[in-house]
Structures are given as C-alpha cells and as structure tokens.
Amino acid sequence: MYPEPLKPLSRAFFARSPRRVARDLLGKVLVRPSKIPNSADLTGRVVEVEAYLGERDPAAHAAAGHTRRNSVLFGPPGYAYVYFIYGNHYCLNVSCEREGRAGGVLFRALEPLSGLEEMAASRGVELRSEKDLLKLTRGPGRLCEAFSITRNRDNGSDLTSSSGNLWIGDDEHRAGRILVTPRIGITKAADKSLRYLLSGNRFVSGPKLLSRV
DNA sequence: ATATCGATTATCT
DNA sequence: GATAATCGATATG
C-alpha cells in the first residue's frame with residue numbers, strides 16, 4: 001500500500017514558517033485510526049494546503065490576536081486547530097512556528113488511500129463509480145466530514161504522535177510538481193500566493209486552473 | 001461550463 | 001447584527 005511504513009512527522013517539522021510547512025506537507029499522509037474494530041485506518045495523501053501566517057496576515061484567524069477560539073495557533077507547533085464555519089462545516093489546520101508566535105496550515109484536500117468505505121459512510125455518499133471518490137475528501141469541509149474531524153474531538157490534539165487518534169505520517173512518497181496560487185474562499189489578503197497544491201492531481205479543490213488572459 | 005444562493009452557528013463589533 | 005479559511009443545490013449558457 002505504501003512505499004514505506006508510515007512514520008509520524010517530528011515536532012521540529014512544524015516549528016517553521018507556515019509557508020515551508022505547507023509546501024513540505026504535500027505528499028504526506030493524514031491518518032485517522034478506524035473506530036470500527038478490524039477495519040482499515042482512514043488515510044489520505046495531502047494534495048492541497050494553504051499557509052496562514054499569523055497576526056500580521058489579515059486572512060488568518062490569528063489576526064484578531066489571541067482569543068479562546070484560536071489559542072491553539074498561538075501554542076506549540078504540531079497541534080490540530082479545528083474550527084466550525086458557516087454553521088455547517090469543520091476545517092482542520094496544524095499549528096506552526098513556536099509557542100507564542102501564531103501560524104498555521106489549512107488542509108484543503110486529500111487523495112483518499114484507505115478506509116474509503118468508512119469515509120463514504122461518513123459523507124453520506126455511495127461509491128458507484130470512480131468519480132464518486134472525488135466527493136470524499138476534496139475540499140476542507142469535506143475532508144473533515146470524511147475523517148469525522150470535529151472541534152470537540154480533535155481541536156488541540158497532537159498530530160505528531162502515532163498513538164493519537166489523528167496524526168500525520170511520512171511514507172517517503174515523492175511529491176510531484178508543486179503549484180503555488182492565491183488562497184481561495186477568502187476576501188482579505190486574497191492576492192497573496194499561499195496556496196500549495198500538487199499539479200494535475202484531480203483531488204485538488206476549487207475551479208480548474210485555466211490559463212487566465 | 002460558470003454563477004448565484006441558502007443553510008446554520010461561533011465569534012466578534 | 002454582520003460576517004465567515006464551505007458545500008450542495010439550482011439556474012442558466
């Protein structure tokens with residue numbers, strides 16, 4: 001299934017700028033141990049992320065300063081920041097930088113690898129054709145629903161521990177060509193190019209990249 | 001194919 | 001009271 005066994009990423013991996021963490025997260029694997037006995041863990045390869053820079057980034061939740069909601073972003077690196085948005089969806093980030101300095105990376109899309117049936121059940125979709133795979137983890141709200149990620153369960157959990165119930169692994173997969181574009185779904189600082197994605201991967205969210213005139 | 005809009009709630013002004 | 005790091009449904013070319 002994987003080129004190499006999955007090894008959790010180190011704390012030091014996340015103790016860097018969100019830009020570098022975001023770029024290096026492409027190709028890594030998000031892991032949710034299955035809650036159903038004897039069934040496959042939920043795993044997906046990271047194919048699209050966005051960097052959020054901290055208090056000086058108007059689009060970042062940290063821009064408002066330290067609040068109860070965003071406190072994970074100001075804590076140590078490698079922890080899950082999960083928030084609820086539009087009354088409907090959760091989004092998953094991982095904290096970066098160091099304690100006291102906010103920064104994070106938003107997971108925008110995964111390529112599902114294992115546990116697809118359980119993901120489909122959580123998403124309420126039927127897997128009839130190849131195209132249905134795109135409904136599982138393409139988009140930040142969708143991937144959270146597929147992995148049953150909620151604020152109550154997952155906000156503040158350590159993503160560097162393979163004994164935790166959500167973590168990020170490295171199987172030494174080589175990421176392909178990386179594209180950098182402006183972030184999407186935001187209104188502030190929408191011009192900054194802080195979205196990183198694997199070129200040509202069909203699980204990347206958003207409109208297809210066309211040559212703009 | 002792209003465009004617009006409603007859902008539904010935590011958070012902040 | 002307004003807004004939001006979204007999604008899915010509906011409308012229209």
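Below, chains carry the letters A, B, ... as their sequence lines are ordered, and counting in each starts from 1. Side chains included, hydrogens not; waters and symmetry mates left out as well; all remaining heavy atoms used.
Residue A:R142 is in sugar-phosphate contact alone, with no base atom involved, counting any heavy-atom pair closer than 4.0 Å across all strands shown.
Ring planes of A:F84 and A:Y90: tilted class, angle from 30 to 60°.
Between A:R138 and A:G87, the residue anchored closer to the 5' end of DNA chain C is A:G87, taking for each the nucleotide with the nearest heavy atom.
Counting only Watson-Crick or G-U wobble pairs whose defining distances are both under 3.5 Å, the stems of 3 or more consecutive pairs in DNA chain B are B:1-7 with C:6-12, B:9-12 with C:1-4.
Residue A:R69 has no polar side-chain atom (N or O) positioned under 4.0 Å from OP1 or OP2 of B:dT9. Regarding contacts with the backbone of C:dA4, a side-chain N or O of A:T187 is found under 4.0 angstrom from either OP1 or OP2. Side-chain nitrogen and oxygen atoms of A:R68 include none within less than 4.0 Å of the OP1 or OP2 phosphate oxygen of B:dC12.
Using a 3.5 Å distance cut-off with no hydrogens or angles, the side chains of A:S17 and A:E97 do not pair a donor with an acceptor. Side-chain polar atoms of A:T160 and A:D158 form a donor-acceptor pair below 3.5 angstrom. Residues A:R142 and A:T137 bring no donor and acceptor atom of their side chains to less than 3.5 Å of each other.
You'll find that the side chain of A:R123 is closest to C:dG8, out of C:dG8, B:dC12, C:dA5. In the set B:dT9, C:dC7, C:dA4, C:dA4 carries the atom at the smallest distance from any side-chain atom of A:I85.
Remark: ring of A:Y83 not stacked against base of B:dA10; the cut-offs of centroid gap under 5.5 Å and plane tilt under 30° are not jointly satisfied.
A distance-only check finds no donor-acceptor pair linking the side chain of A:S95 to the backbone of A:G104 [under 3.5 Å].
For the pair A:R183 and A:Y52, the cation-pi test (distance below 6.0 Å, angle within 45°) is passed.
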